S.K.: 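I have a structure I would like to understand better, so I am pasting it below and will then ask my questions one at a time.
Each chain gets a letter, A, B and so on, in the order its sequence line appears, and its residues count up from 1. Note that this is a predicted model, so its numbers are computed, not measured.
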Amino acid sequence: MVNWQDIDKKWQDAWREDQLFEVEPDKRPKWYVTAAFPYVSGPCHVGHGRTYTIPDVIARFKRMQGFNVLFPMGYHFTGTPIVGAAKRVASRDTKFINVLTERYGIPEESLKDFENPHFYANYFARESDLSYRKGMEWLGFSIDWRRELTTVDPHYSKFITWQYHKLWDAGLIVKGKHPVKWCTSDGNPVTDHDLLEGEGVETVEFTLLKYRLGDYVLPAATLRPETVFGVTNLWLNPNVNYVAVQVDGESWVVSEPAIEKLRQQGYNVGEAKPFKIDFSQEVEVPLTHKKVPILPAVFVDENNATGVVGSVPAHAPYDYIALIEAQQQVDLLAHSGIDPQKVMKLEPISLIEVPGFGESPAIDVVNKMGIKRQTDHKLEQATAEVYRNEFAKGKMRSWVQGYEDMPVSEAKTAVREEMLADKEAATMYEFASRPVTCRCGTPVVIKIVEDQWFLNYADETWKSKAKKCLASMKLIPPESRAQFEHTMDWLHEWPCTRKIGMGTPAHWDPGWIIESLSDSTIYMAYYTISHILKTVEAGSLNDAVFDYVFDAKGDAGKISADTGIEKGKLEQMRKEFEYWYPLDYRVSANELIPNHLTFHIFHHAQLLPKYCPRGIVSFGIAILEGQKMSSSKGNIIAINEAVKKYGADTVRIYLMSVSEPWQDMDWKTSEVEAMQRSLDRFYSLAEEIIAMPGEGATAMGQPERWMLSRLQTHVKAATEALEAFETRRAVQHSFFMIMQDVRRYMKRASTPEARTKTLKNVLDVWLRLLAPFTPHTCEELWERLGNDNFISSTEWPAVEEKKIDRGVEFSEDYVTRVIEDIAKIKKVIKAKPTKVCVYVAQDWKWKAYLKVMEKVRGGKFDFGALLKGVESELGLRLHKADLSKLLQQMVASLRETAEEKIELIKGVKIDEFSVLEEASDFMRDQLGLQVMVFISDDQARFDPENRAVGSIPLRPAIYLG
RNA sequence: GCAGGGGUAGCCAAGCCAGGUCUACGGCGCUGGAUUCAGGGUCCAGUCCUUUAGGGGUUCGGGGGUUCGAAUCCCCUCCCCUGCACCA
C-alpha cells in the first residue's frame, strides 16, 4: 500500500521551498489563468475542489509546455450571505448551529466568535482545516500564494474605488427605483436565505387598469393589459372587505391587504374607509370607455394585488367559467340588485387570433379539460396554456383599433404604455406565488427602493464594446456563446449597491456599499500587482497609482513624490500588469454566465479596453451521490476529509475524469474508491517497471512498434484534449487507455529485453502525461526513475508522429479479431478442442478482394460483370457457385466498411500469414489452444474438414479440433 | 414564457457536429474463474435475447422521413435539468 499522505506532503513542501509557483515576468511566453474566487461562507468541499483542479491541471500542462504560468487565488468577503450566516449564529438558529457544531466540528464555546462576519469569513477562508486555503494547498495547487487577496482588504477597496471613479466619470452609474423583497417588521430588504417560505418566488409586474365608478377608481390588476378590448364586466369577491382609500389624489377601491403593498411601492396612500360594493352599478372600462356590470366571483383573491379583476372571458379561463356560473344562477344575482337580463346578454369578446384555436382559446381549453367550476384547480393549468399560446403565437384581431394585427407579445407593452401615459393605468408588483414569509414570521412585501444605484449595462456604447470583446473570445464549451449573447442583449440596469454586508463604500454615496457581483469584475488585473501592493501602505494608494499601472497614465516619478510609493515599485507593477495581461482564461460556473462572467467582459471592455479577456470556460454544477451539495445544510464532503481518506491525487484525477468541466459532476464514493485502487495499481506497475533490470539495446518487434504507436496516439489525443480543457478525455487516454495497452503489451512482448526497454520508455512519457493530474505521485516516481528535476517543470512529451504506425495497429486489431472469433466458436461448440488451425486467404482471393473493393464503393454495380471479370482476369477454374458465394461475402463485408478503413486496408497490405505466425504464442496463451497457421492453398496443410476454401481476406477460416 | 442544455443497455456515461470500423469507449455494479485463497485485494473472463462453428434477432425517449446503410442527418412529439437579477 502506498502512503499517499506522505507523498503529498513531501512534494508540497518541496514545491514551496523551491518557490516553484511564485512567478515573475521573464523571457518566456506567459499564460495567465484565474478561477472565480470562492465566496467564503462555508467549508471548501469537493465541488470547489473540482472548480479549482481544472485550472490547476491546465496551468500545470501549460507550464510543462514551456509557458510562464500565473495562477493566483483570493477570497470573496463582500455581500450578504456571510453577514446573514453570522446573524444566524447570533440568533442561535438551531438548524444552522447544528451544522456548524456537529457537521463542521466547531466547538460550542467558540460560537460567539462566529457572530463576527470577519471572523466567520476568515475561518473558512484560511484559518481552519475546512478553509479554502488549506484545501487548495492539500490538493497541491500550483498557486502563487504571495498574490492572495480578500475583497475587504484596504488595498482592494482602493482598487474598487478607482474602478468606480472611472465608471462614475463615464456616466455609467445611474440612480433609479427598484423593487426588492422587504420585511416590514425588520425594516430591511430580505434575501432568499432570510425566508421562511417562498424561496425563489418571482416578482411579477401587474398593470392596474383604472375602471371608473363615479369619482371612484377600481384598479383591476392584470398581467395582460392588451385584453382590455375584450372586457365584459368586472369581478369583485362578495366575501372580501373592500376599502376606499386616497391614492395619489384619487379614491381607489381595493382589498384591505393591498393598502400596505401600495404604500411600500411608493404610492401616496391615505386613510382607508370601508366600501360597500353595489353590484347594481356599472363601471367604465378605461381606454374603451365602455360601461360594464360588476359581478361577484369567489375566485378573486384579496391577497393577490388589488383584489379587483377585470373579466375577459374569451381569453381567460377563470373569467369564462365564472361568467357561465353567473349566468346559471341569475336568480341569486338578482338579490344583489343585478339585472339578470344584462348578465344573460354578456358574451365573450374575442380580440386575439391564435392559429390552432377557435374563436376563443379560453373556451376551447376549458371544454377540452372539462372544467365546470371556478374552484377547479385545473384552471391554473388552463390559464397557463391559453396565455402561453396567445403570447407566443397570437395576434390582435383586425377590429382592435390602433393595434390591428399586432403580435400579442408587442401589443402587451404597447397597450400598457399608452394607458400609463394617459394615466388610465398604474403599476403594481406582486409575488408570482404566495405566501412569502420572513424568518421572523412577517409576510414579506415588495418595496420600491428609491435612490437605488445601478450600473447602466443598457448603455448602447458600453454594450457594443462588450459585444465586440465577446466576439473575439474563445468560449468553452462553444454552446455557451449563445447564452452570453442573449445575456448581453437582455442585460439592462443592474443594482450595484447594497445597504448591508461587507465591502467597499460607494464613493459618491457612502451610505451604500458596492455589492458583490459589482466589486468582482476586474480583480484579475489586481492579482498581477497584488504581492507588490502588500509592501505599500494602503493609505498611500490613489487613483493616479492605478491609472499609471493599468493605463500608463502620468509619470512614475511624480506619482512617487505625491504618494510616497517608491518609483521602482510603481514601475514594477506596471511591468507585471503589462506582462500578464490580458487574461488567457477565466474559469467559472455556467450559472454565472447571466451575471458575473458577462459583467467581467463589460468591465474589461470599458476599463481595460486594450486587454479584452481571451477566453472563458464555464463549468457544470457539482452534486454529491445524486444530491445537491449545500454547505449550509452540511451536505458536502470537505476537501480536508477527502484528502485524508484518499490522498490528493486520487481526488484530483477522480474529479477530472468523472465528467468534462462543462458537464455536471457527481461525486460517488464507490467510484472514488475504485479510482484510488486504480492509482494504487498504477503505482505498483510503475515500481515494477522501475525495478526491471538492464536496458540493453534490442530489435523492436511488432508488439513493441505497436506499443509505441499506441503511446503516441495517446500523447496526441491527451495534448489535444488538454488544449481544449477536456480533462475527462485527457484522463481517458493518459491513464486508462495507456494502462490497457500496457497490460496487453506485457503479455505480448517479443523478448524480455525489448519489454524492459519499451516499458521504461513508456513510463517516462506516461508519468509526464499524468503529472498535471497526479503531480505528487508523478514527482515521486519521476524521482525514483532517476531524475533530479521536478516533473512539474519538465517538458511535456512531444508527439512523435513518425512512431504512429497505423499499419501495426491494424495488424494487432486483426490478431485480436481472429482470437475473438476463435473464442466465440469455442464457446458455442460442445466439444473441448485442444488445437486450432487458422487458414488465411491465399493470393488470388486478395486480388479478387481488391477488385471487389473498386466496384463496391460506388453504390450499385453489376455483380454478374464483376464475377466474370474476376474469373477471367485471375484465370480461375473454380465452380461458379463457389466463387459467387465468396465474392458475395466480400461485397457484404466491404459494404459495411467505412471508406477510411478501406483506404487503410489498401495501404497496409497486411501479410496475414506472418502476422498470425508471429502472434501464435500469444494466441496460444490467450486461448489455451495449440495454434497452427496455414495459407489456404497450402497442399500440406492439416485441414480435415476442408475449411480453408471458405477463407476470405481478413477473415481466415478456422478449424477447432 | 424566454434562453441554454439534455434524454444511450442495472446505474453513471462516451459516441452524434464530419452517417458505415456500433451490441455501441470507459467506469460502477453484478456473475464466474484464477491466485501459497480471509467471502478483502489483485488478475482473467462474462454481463440484451438466442445459437453445438465465428451465425441470427432486438436495442440508443416516442413517431415519421432521407439513405444501399442512422444512436448519428431532417420533421413532429413527449419528458427532464439550469438560469431569468439584487442571490453569491
S.K.: Is the phosphate of C28(B), meaning OP1 or OP2, less than 4.0 Å from a side-chain N or O of Ser670(A)?
M.R.: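 For Ser670(A), the contact criterion (side-chain N or O under 4.0 Å from OP1 or OP2 of C28(B)) is not met.
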
S.K.: Hey, is the side chain of Arg744(A) poking within less than 4.0 Å of OP1 or OP2 on C44(B), counting only N and O atoms?
M.R.: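 No, no such contact exists.
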
S.K.: How close or far is atom P of G83(B) from atom CZ of Phe484(A), stated in whole angstroms?
M.R.: 16 Å

S.K.: With a 4.0 Å cut-off on heavy atoms, is Ala85(A) in touch with a base, just the backbone sugar-phosphate, or nothing at all?
M.R.: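 Since no nucleic acid heavy atom lies under 4.0 Å of Ala85(A), the category is nothing.
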
S.K.: Strictly by modelled atom types, are Ser518(A) and Glu515(A) linked by a side-chain donor-acceptor pair under 3.5 Å?
M.R.: yes

S.K.: Which one, C87(B), C44(B), A53(B), comes nearest to the side chain of Leu517(A)?
M.R.: C87(B)

S.K.: Quick one: do Glu812(A) and Arg748(A) make a salt bridge, cutoff under 4.0 Å?
M.R.: yes

S.K.: What's Ile593(A) touching, base or sugar-phosphate or nothing? Going by heavy atoms closer than 4.0 Å.
M.R.: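 The answer is nothing, as Ile593(A) stays clear of every strand by at least 4.0 Å.
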
S.K.: Searching all strands shown, indicate the nucleotide that pairs with A18(B) (Watson-Crick or G-U wobble; both distances under 3.5 Å).
M.R.: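 Pairing partner, where one exists within any strand: none, as none qualifies.
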
S.K.: Find the distance Phe619(A):CZ to U82(B):C1' and express it as a whole number of Å.
M.R.: 17 Å

S.K.: What is the distance, to the nearest angstrom, from the CG atom on Leu592(A) to the C1' atom on G4(B)?
M.R.: 15 Å

S.K.: Whole-Å distance between C87(B) P and Ile513(A) CD1?
M.R.: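 Rounding to the nearest Å, CD1 of Ile513(A) and P of C87(B) are 14 Å apart.
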
S.K.: Is the phosphate of U42(B) approached by Arg681(A) (side-chain N or O, under 4.0 Å from OP1 or OP2)?
M.R.: yes

S.K.: Expressed as a whole number of Å, how far does the P atom of G55(B) sit from that of A9(B)?
M.R.: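 About 25 Å, rounded to a whole number of Å.
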
S.K.: Classify His596(A) by what it touches in the nucleic acid, base, sugar-phosphate, or nothing, heavy-atom distance under 4.0 Å.
M.R.: nothing

S.K.: Please determine if Glu809(A) and Arg710(A) form a salt bridge, counting it only when a charged side-chain N lies under 4.0 Å from a carboxylate O.
M.R.: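 So Glu809(A) pairs with Arg710(A) through a salt bridge.
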
S.K.: From the list C87(B), G26(B), C44(B), which nucleotide is the closest neighbour of the side chain of Lys747(A)?
M.R.: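 From the listed options, C44(B) comes nearest.
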
S.K.: Write down the distance separating the P atoms in U47(B) and G39(B), rounded off to the nearest Å.
M.R.: 26 Å

S.K.: Remember a base hit wins even if backbone is also touched, and classify Pro956(A) as base, sugar-phosphate or nothing at under 4.0 Å, heavy atoms.
M.R.: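 Base, at least one base atom sits under 4.0 Å.
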
S.K.: Measuring only the P atom in each nucleotide, how far is A13(B) from G61(B)? A whole number of Å is fine.
M.R.: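 A13(B) and G61(B) have their P atoms separated by 14 Å.
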
S.K.: Any salt bridge (charged side-chain N to carboxylate O under 4.0 Å, His left out) involving residues 480-492 of chain A? Give me the pairs, sequence neighbours left out, ordered by first then second residue.
M.R.: Lys467(A)-Asp489(A)

S.K.: For A13(B), which nucleotide is its Watson-Crick or G-U wobble mate, given both distances must be under 3.5 Å?
M.R.: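 Paired with no nucleotide.
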
S.K.: Using a 4.0 Å heavy-atom cut-off, does Gln740(A) contact any base of the nucleic acid, only the sugar-phosphate backbone, or nothing at all?
M.R.: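 Gln740(A): backbone/sugar contact only, no base atoms under 4.0 Å.
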
S.K.: Can you identify which nucleotide, out of G54(B), A88(B), G26(B), has its nearest atom closest to the Ile825(A) side chain?
M.R.: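 My answer, after comparing the listed nucleotides, is G54(B).
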
S.K.: Just checking, any donor-acceptor pair under 3.5 angstrom between side chains of Asn590(A) and Trp662(A)?
M.R.: no

S.K.: Does Arg481(A) have a side-chain nitrogen or oxygen under 4.0 Å from the phosphate oxygens OP1 or OP2 of G5(B)?
M.R.: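 No, no such contact exists.
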
S.K.: Hey, does Arg743(A) reach any base, or is it just sugar-phosphate, or nothing, if we go heavy atoms under 4.0 Å?
M.R.: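 It contacts sugar-phosphate atoms only.
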
S.K.: Output the single nucleotide from A53(B), G83(B), C25(B) whose closest atom is nearest the side chain of Glu591(A).
M.R.: G83(B)

S.K.: So which nucleotide does A3(B) pair with, by the Watson-Crick or G-U wobble rule with both distances under 3.5 Å?
M.R.: U82(B)

S.K.: Between the protein and nucleotides 6-16 of chain B, which nitrogen or oxygen pairs come in under 3.5 angstrom?
M.R.:
from	atom 1	to	atom 2	distance (Å)
C12(B)	O4'	Lys668(A)	NZ	3.2
A13(B)	O2'	Arg728(A)	NH2	3.2
A14(B)	OP1	Gln663(A)	OE1	3.0
A14(B)	OP1	Gln663(A)	NE2	2.3

S.K.: In whole angstrom, give me the gap between the P atoms of C60(B) and C25(B).
M.R.: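 The same atom, P, in both gives a distance of 16 Å.
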
S.K.: What's the gap between C16(B) and G7(B) when it is taken at their P atoms, as a whole Å value?
M.R.: 13 Å

S.K.: Taking the same atom, C1', in C11(B) and in C44(B), what whole-Å distance lies between them?
M.R.: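 The same atom, C1', in both gives a distance of 24 Å.
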
S.K.: Between Tyr39(A) and Gln926(A), who's closer to the 5' end of RNA chain B by nearest nucleotide?
M.R.: Gln926(A)

S.K.: Expressed in angstrom and rounded to an integer, what is the separation of Gln676(A) atom CD from C28(B) atom P?
M.R.: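 Atom-to-atom, Gln676(A) to C28(B), this comes out as 14 Å.
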
S.K.: Among the candidates C87(B), C28(B), C44(B), find the nucleotide nearest to the side-chain atoms of Thr80(A).
M.R.: C87(B)

S.K.: Do Glu205(A) and Arg416(A) sit within salt-bridge range, that is, some charged N less than 4.0 Å from a carboxylate O?
M.R.: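 Result for this pair is yes, salt bridge flagged.
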
S.K.: Provide the Watson-Crick or G-U wobble partner of G54(B), both distances under 3.5 Å; none if there is no partner.
M.R.: none

S.K.: Which nucleotide wins on minimum distance to the side chain of Gln483(A), given the candidates G54(B), A3(B), C84(B)?
M.R.: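 Closest of the options to the side chain of Gln483(A): A3(B).
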
S.K.: Is the closest side-chain donor-acceptor distance between Thr78(A) and Asp519(A) under 3.5 Å?
M.R.: yes

S.K.: Report the residue (Pro495(A) or Ile958(A)) whose heavy-atom-nearest nucleotide on RNA chain B is the more 5′ of the two.
M.R.: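 Comparing both residues, the 5'-ward one is Ile958(A).
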
S.K.: If pairing requires Watson-Crick or G-U wobble contacts with both distances under 3.5 Å, which nucleotide is the partner of G40(B)?
M.R.: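 G40(B) is unpaired by these criteria.
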
S.K.: Does any nucleotide pair with U72(B) by Watson-Crick or G-U wobble geometry, both distances under 3.5 Å, and what is it?
M.R.: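 By the stated definition (distances under 3.5 Å), nothing pairs with U72(B).
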
S.K.: Out of G4(B), C25(B), G83(B), which has the shortest distance to the side chain of Ala482(A)?
M.R.: G4(B)

S.K.: For A53(B) and Arg947(A) - does any side-chain N or O of the residue sit under 4.0 Å from the phosphate oxygens OP1/OP2?
M.R.: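 The answer is no; no side-chain N or O of Arg947(A) sits under 4.0 Å from OP1 or OP2.
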
S.K.: State the pairing partner of G29(B); accept Watson-Crick or G-U wobble contacts with both distances under 3.5 Å, and report none otherwise.
M.R.: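 Looking at the geometry, G29(B) pairs with U47(B).
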
S.K.: Between U35(B) and C49(B), how far apart are the C1' atoms? Round to whole Å, please.
M.R.: 34 Å

S.K.: Would Thr34(A) and Arg586(A) count as having a side-chain donor-acceptor pair, cut-off 3.5 Å?
M.R.: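 A pair is found: one side chain offers a donor N or O, the other an acceptor, under 3.5 Å apart.
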
S.K.: Show every salt bridge (charged side-chain N to carboxylate O under 4.0 Å, His left out) that has at least one partner inside residues 952-961 of chain A, sequence neighbours left out.
M.R.: Asp821(A)-Arg955(A)

S.K.: Take atom P in G19(B) and the same atom in A70(B), then report the distance between them in whole Å.
M.R.: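 Between the two P atoms, the distance is 14 Å.
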
S.K.: Between His486(A) (NE2) and U82(B) (C1'), how many Å, whole number?
M.R.: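 For the pair His486(A) NE2 and U82(B) C1', the rounded distance is 14 Å.
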
S.K.: Rounded to the nearest Å, what distance is computed from the CE atom of residue Met488(A) to the C1' atom of nucleotide A3(B)?
M.R.: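 Result: 15 Å.
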
S.K.: Under a 3.5 Å threshold, yes or no: a donor from one side chain and an acceptor from the other, between Ser657(A) and Gln732(A)?
M.R.: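 The answer is no; no qualifying pair exists.
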
S.K.: Is there a donor in the side chain of Trp512(A) and an acceptor in the side chain of Gln452(A), or the other way round, less than 3.5 Å apart?
M.R.: no

S.K.: Using atom CD1 of Ile822(A) as one end and atom C1' of G55(B) as the other, report the distance to the nearest whole Å.
M.R.: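 Distance check: Ile822(A) CD1 to G55(B) C1' gives 17 Å.
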
